[in-house]
J.: 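Dropping the structure in here first, questions after.
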Protein chains: 2
Amino acid sequence: MAERKATGARVAVAVTILTVHEGTLQVLLLRRGAPPFDGWWALPGGLLPAGVTLDEFAAGKLAGETGVREVFLEQLYTFTEPPEPTAPPAATVAYFALVEHGVATLRAGEWPTRWWPVADHPPLAFTNDEVVRVAVARLRGKLEYTNAAYSLLPEKFTFAQLQRTYEAILGRPLDKRNFYRRILSLGLIEPLDEHLKVGAHRPAALFRFRRRQAEFLSPR
Amino acid sequence: MAERKATGARVAVAVTILTVHEGTLQVLLLRRGAPPFDGWWALPGGLLPAGVTLDEFAAGKLAGETGVREVFLEQLYTFTEPPEPTAPPAATVAYFALVEHGVATLRAGEWPTRWWPVADHPPLAFTNDEVVRVAVARLRGKLEYTNAAYSLLPEKFTFAQLQRTYEAILGRPLDKRNFYRRILSLGLIEPLDEHLKVGAHRPAALFRFRRRQAEFLSPR
DNA sequence: CCAAAAGTGTTCAATCTACACCCATGC
DNA sequence: GCATGGGTGTAGATTGAACACTTTTGG
């Protein structure tokens, strides 16, 4: 902090809210109804008010769009925006969040919102395309060594549900037995004394995450 | 970006410049000569001017303090600063850089600067203590799977120099043979047809990094 | 008894860790 | 010839990947 020149730089926040639904990783987008980028799809966000921390503001945006609190929410990266030195905001602090699809209720705010498959969404305003790409890459990495998925599943779930969630995010099939072993050896989840009967086949044991909070693991 | 309220938030940049010297990981600090935090030690940085990207501004700060360009420089994290909602700046985008000790020439700027061991430096202004902690943690991680160390060593170096650099950063001794194998198998460095004679013992082969630019590696 | 999803072990290859001696040189 | 740092291999343990059959249930 050597200098304190006057400046026009502003801070914006953008939140990449991800969910898994019908075997697909999806992102919450809203359609802007005003310039800049009028009519484009964009991530929820806005300019950071004074006196609010970034984390608080991002959590508020998430709650405002989905009604969801206390989920996985993590800072991603800060982008200079726009890339051409024209107008504010100068910096966009990107966050990403993971929500259970069934719990999120899209609160029609100022502008219409909907879920889009991350593999196939319209071009986005600002540098939001890159934000989403980075968020998905980070999520894939985090799955390997954190309990991030707790935020995408109900409290009780079957192993098959967990595996399908992982597969949707990673975009590839996983070996059932190896997946069992790996997840259990990480100590992320614990079995319950309950089984779920669905249809004409063997009932599935239910599990839950030991901790439904962001958690890091042993040295990998 | 749903909303565009007026705001007082400002963007600052802070650069954690690290080097290894005499077996110790050190950080470049400057002593502030004006409020806020008059008389405290702090990271180089400042408020982001309009029309400049974060990366450009961080690179400029680095060059201004050390005269060094084209080194490892990477965004770290964005902190809300100060934690209490009092005064601007609202967000500090932290970067970290790695410089070769011998090449950096501290350009006495506005305020006095010096290298401090990261393990033992005075308390810092703003949230800079946390910035340094996070930077060191990130560096330790990056060493394992990137060529980041290129930026801490001269173009030609011996394996022992490389190992001592790693050990200084990680803070623990490494097994010489395992270190040889691991580094070579990563393909980061290549042997030169030169040897360095120093003192009364076997001359050491010289190596260089294949690429003296930030580079990621295979899937780890 | 058939269809459907749940649940479960073993083998092989690759990687990581621990560990100790000889080599080349200058004095 | 000795002191100094340079350079090298092997064995055991751990980890990750591939792979197929039996169990439980409802209809």
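Source: prediction; values computed, not measured. Side-chain atoms are counted along with the backbone in the values below, which use heavy atoms only and exclude waters and symmetry mates. Each chain gets a letter, A, B and so on, in the order the sequences are listed, and its residues count up from 1.
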J.: Should Tyr180(A) be listed as having a side-chain N or O under 4.0 Å from OP1 or OP2 of dG7(C)?
T.: yes
J.: Determine, for nucleotides 19-27 of chain C in 5'-to-3' order, which nucleotides have protein heavy atoms under 4.0 Å from the base (write B), from only the sugar-phosphate (write S), or from neither (write -).
T.: BB--BBBB-
J.: Can you measure Glu144(A) atom CD to dG16(D) atom P for me and round it to whole angstrom units?
T.: 10 Å
J.: If we only count heavy atoms from C-beta on, is the Arg32(A) to Trp111(A) side-chain gap below 4.5 Å?
T.: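 Side-chain contact under 4.5 Å: yes.
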J.: What is the distance from CG of Leu174(B) to P of dA18(C), rounded to the nearest Å?
T.: 11 Å
J.: If the condition is side chain to side chain contact (heavy atoms under 4.5 Å, CB included), which residues does Ser151(B) pass it with, not counting sequence neighbours?
T.: Val71(B), Phe72(B), Leu98(B)
J.: Of the residues in residues 152-171 of chain A, which ones touch DNA chain C at a heavy-atom distance under 4.0 Å?
T.: Ala160(A)
J.: Could you check how far CD1 of Ile189(B) sits from C1' of dG7(D), rounded to whole Å?
T.: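 The distance from CD1 of Ile189(B) to C1' of dG7(D) comes to 13 Å, rounded to the nearest Å.
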J.: Would you please name every residue forming a side chain to side chain donor-acceptor pair (under 3.5 Å) with His21(B), sequence neighbours left out?
T.: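 Side chain to side chain donor-acceptor pair (under 3.5 Å) check on His21(B) returns His101(B).
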J.: Would Glu167(B) and Lys176(B) pass as an ion pair if we require N to O under 4.0 Å?
T.: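 Judged by the 4.0 Å cut-off on N to carboxylate O distance, Glu167(B) and Lys176(B) do not form a salt bridge.
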J.: Round to the nearest Å and state the distance from Leu186(A) atom CG to dG16(D) atom C1'.
T.: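 These atoms are roughly 13 Å apart.
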J.: How would you list all residue pairs meeting side-chain hydrogen bond (donor to acceptor under 3.5 Å, both in side chains) that involve residues 189-207 of chain B, not counting sequence neighbours?
T.: Lys156(B)-Glu194(B), Glu190(B)-Arg208(B), Glu190(B)-Arg210(B)
J.: Please enumerate all residues that pass side chain to side chain donor-acceptor pair (under 3.5 Å) together with Gln26(B), with sequence neighbours excluded.
T.: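 Not a single residue meets the side chain to side chain donor-acceptor pair (under 3.5 Å) criterion with Gln26(B).
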J.: Just jot down the side chain to side chain donor-acceptor pair (under 3.5 Å) partners of Glu130(B), sequence neighbours excluded, or say none.
T.: none
J.: Could you tell me the separation between the CG atom of Leu206(B) and the C1' atom of dG7(D), rounded to a whole number of Å?
T.: 14 Å
J.: Between Phe179(B) (CZ) and dG6(D) (P), how many Å, whole number?
T.: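 To the nearest whole Å, that distance equals 13 Å.
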J.: Does Tyr95(A) have any side chain to side chain donor-acceptor pair (under 3.5 Å) partners at least two apart in sequence or in another chain, and if so, which?
T.: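 Expected list: Asp55(A).
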J.: Could I get the full list of side chain to side chain contact (heavy atoms under 4.5 Å, CB included) partners for Arg69(A), not counting sequence neighbours?
T.: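 In terms of side chain to side chain contact (heavy atoms under 4.5 Å, CB included), with neighbours along the sequence ignored, Arg69(A) is linked to Ala63(A).
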J.: To the nearest angstrom, how far is Arg172(A) atom CZ from dG16(D) atom P?
T.: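 Distance, rounded to whole Å: 13 Å.
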